[in-house]
Amino acid sequence: MERFKKALNYLKLSLMAEFTSPIIYAVFIILFLFIWSSFSGVTSWLTENHDSLNLFEFYTFFGCDFFTNTIYLTGIMFVSCGIFFFNSGSAYYLIRMDKRTWVNSQIIYMFVMTVIYNIALIVMFVIACGGKITFDGSWSKAAFVGCSGGAIQINIVDVISMLTPGLLTYNPNFIGIVSFFLLTIEGASAGLLMIWLTMKRKNVYAVAVIFGGQFLDMLAINEISSNTIVGKIWSYAVPFRMYRVNFSSLNNGKVSIIYSMIYITVILTVLILLIRRSAADIDFVKDE
């Protein structure tokens, strides 16, 4: 318990350092400008059609597309770079604690920042649609029109994929919560992978795995039939699509959403164990 309390104390230091740095504000401003320029046109459509969006609708669609998912992960990369693990001065903090406590504080930090990042995304979408938000359990007219004819039909720049009719059979609040879980785990996993490989001085590999892996997976989707043996193995073995609700059984996909959740949770657990194990080999004083 005492070690956990110390980890929380150093978590506070990490958060204070993060929110006094201009990097996170620059990330949020750029992200908001992108969302505003791409999605704010829906406000006029909603007004003309006397419609309102569910809180999670655009957030869910944002996480379904390869392009916007790449933007999401790019933001995560900048957020994770604010972690104390990447800064000089780590040795000075270790004078008052052990490596394990330090590592635990940084792992918790990555989860907290990812949750904050996702909540900020939802708030940005609320602002972009002029606050025309509802919390009830029904999809908006805009969602049905967008899923049948594309995002451009509701005055949105065609940067997201709304061709996910299977999701519309479920309560949007349920889909939104599932999406929040998947995107949070994806962001935390990307950040932890960055931490682990940076500890090994191979942070370039982390970028290659996260972005290069997603690109290869996108190519595989177009080239490998899901009905072949290779396609089936690929669908169940490669993690990148596991983080997107539109590829799951909730959208008539072949991979169960339960399987996806268990799979990515195992990946997250493995990354945490690798980080904690690698910390024992780090000489912070030498690195300083």
(Q) Tell me every residue that passes salt bridge (charged side-chain N to carboxylate O under 4.0 Å, His left out) with D158, counting only those two or more places apart in sequence or in another chain. (A) none
Q) Is V157 linked to M162 within one hydrophobic cluster, defined over Ile, Leu, Val, Met, Phe, Trp and Tyr using a side-chain heavy-atom separation of less than 4.5 Å? A) yes
(Q) In this structure, is the centre-to-centre distance between the rings of Y236 and Y259 below 6.0 Å? (A) yes
Q.
Could you report the tightest heavy-atom contact between G150 and L163, atom names first, then the distance?
A. N-CD2, 4.4 Å
Q. So do the side chains of E57 and S140 get within less than 4.5 Å of each other, counting heavy atoms only?
A. yes
Q.
Using every non-hydrogen atom in the two residues, find where W196 and S278 come nearest and quote the distance to one decimal.
A. NE1-OG, 3.0 Å
Q) Measuring from S260:OG to I258:CD1, what's the distance to the nearest 0.5 Å? A) 9.0 Å
Q) Do other residues, nucleotides or ligands put more than 12 heavy atoms under 6.0 Å from I152 CD1? A) no
Q. Would you say Y205 has more than 12 foreign heavy atoms packed within less than 6.0 Å of its OH?
A. no
Q.
Measuring from atom SG of C64 to atom CD1 of I175, what distance do you get when rounded to the nearest 0.5 angstrom?
A. 9.0 Å
Q) Are side-chain heavy atoms of I122 and L55 found at a separation under 4.5 Å? A) yes
Q | 4.5 Å side-chain heavy-atom contact, V42 and K132 | A | no
Q.
On a heavy-atom basis, which atom in I264 and which in M261 lie closest, and how many Å separate them?
A. CG1-O, 3.4 Å
**Q.** N/O donor-acceptor pair under 3.5 Å between Y170 side chain and N251 backbone
**A.** no
**Q.** Single-linkage hydrophobic cluster, 4.5 Å side-chain cutoff, V270 and Y263 together
**A.** yes
(Q) Could you see if M124 belongs to whatever hydrophobic cluster contains W36? Use Ile, Leu, Val, Met, Phe, Trp, Tyr and a side-chain cutoff under 4.5 Å. (A) yes
Q: Mind checking the OG1-CD1 spacing from T114 to I119? Nearest 0.5 Å is all I need.
A: 11.0 Å
Q: Quickly, which of D136, T134, T60, N173 forms a side chain to side chain donor-acceptor pair (under 3.5 Å) with N54? Name it, please.
A: N173
(Q) For N246 and F61: C-alpha separation, side-chain torsions, deciding distance, then whether side-chain contact (heavy atoms from CB on, under 4.5 Å) applies. (A) CA-CA 9 Å; N246 57 315; F61 293 130; over 6 Å; no
**Q.** Within-4.5 Å side-chain heavy-atom neighbours: L219 and F215
**A.** yes
(Q) Please check this pair: side chain of T68 against backbone of G63, looking for a donor-acceptor N/O pair closer than 3.5 Å. (A) no
**Q.** Sidechain-backbone polar pair: D217 side chain, G213 backbone, donor-acceptor under 3.5 Å
**A.** no
**Q.** Rounded distance (nearest 0.5 Å) linking atom NZ of K200 with atom CD1 of I195
**A.** 14.0 Å
Q. Hey, any chance V115 and M113 share a hydrophobic cluster, counting ILVMFWY side chains that come within less than 4.5 Å of each other, even indirectly?
A. yes
Q) Roughly how far, to the nearest 0.5 Å, is the CZ atom of F247 from the CG atom of L182? A) 12.5 Å
Q. Which atom names give the shortest non-hydrogen contact between S189 and L268, and what distance separates them?
A. OG-CD1, 3.4 Å
Q: Applying ring pair (Phe, Tyr, Trp, His ring centres under 6.0 Å), name anything that partners F39, two or more places apart in sequence or on another chain.
A: F58, F125
Q. Can you find a pair of side-chain heavy atoms, one from L183 and one from Y117, that are under 4.5 Å apart?
A. no
Q) Does V123 reach the side chain of F28, with side-chain heavy atoms less than 4.5 Å apart? A) no
Q | Test item: side-chain donor near acceptor, W45 and D51, under 3.5 Å | A | no
Q.
Using side-chain heavy atoms (C-beta onward) and a distance below 4.5 Å, is T164 in contact with C147?
A. yes
Q: Indicate if F66 and I76 have the same hydrophobic cluster label, given that clusters are the connected sets of ILVMFWY residues with side-chain heavy-atom separations under 4.5 angstrom.
A: no
Q. Quick check: does any side chain N or O of Y25 sit under 3.5 Å from a backbone N or O of F19, one acting as donor and the other as acceptor?
A. yes
Q | Pairwise side chain to side chain donor-acceptor pair (under 3.5 Å) hits with a residue in residues 146-156, at least two apart | A | S44-N155
Q) With side chains defined as the heavy atoms from C-beta onward, is the minimum distance between Q214 and N69 less than 4.5 Å? A) yes
Q. Considering all heavy atoms of both residues, which atom of L197 and which atom of A206 are nearest to each other, and what is their separation?
A. CD1-N, 3.4 Å
Q. What distance separates I154 CD1 from T43 OG1, expressed to the nearest 0.5 Å?
A. 11.0 Å
Q: Spell out, as yes or no, whether a donor-acceptor pair under 3.5 Å connects the side chain of S37 to the backbone of F34.
A: yes
Q) Counting only N and O atoms by type, is there a donor-acceptor contact under 3.5 Å from the side chain of T169 to the main-chain atoms of G166? A) yes
Q. How far apart are the closest heavy atoms of S179 and V245, and which atoms are they?
A. OG-CG1, 3.6 Å
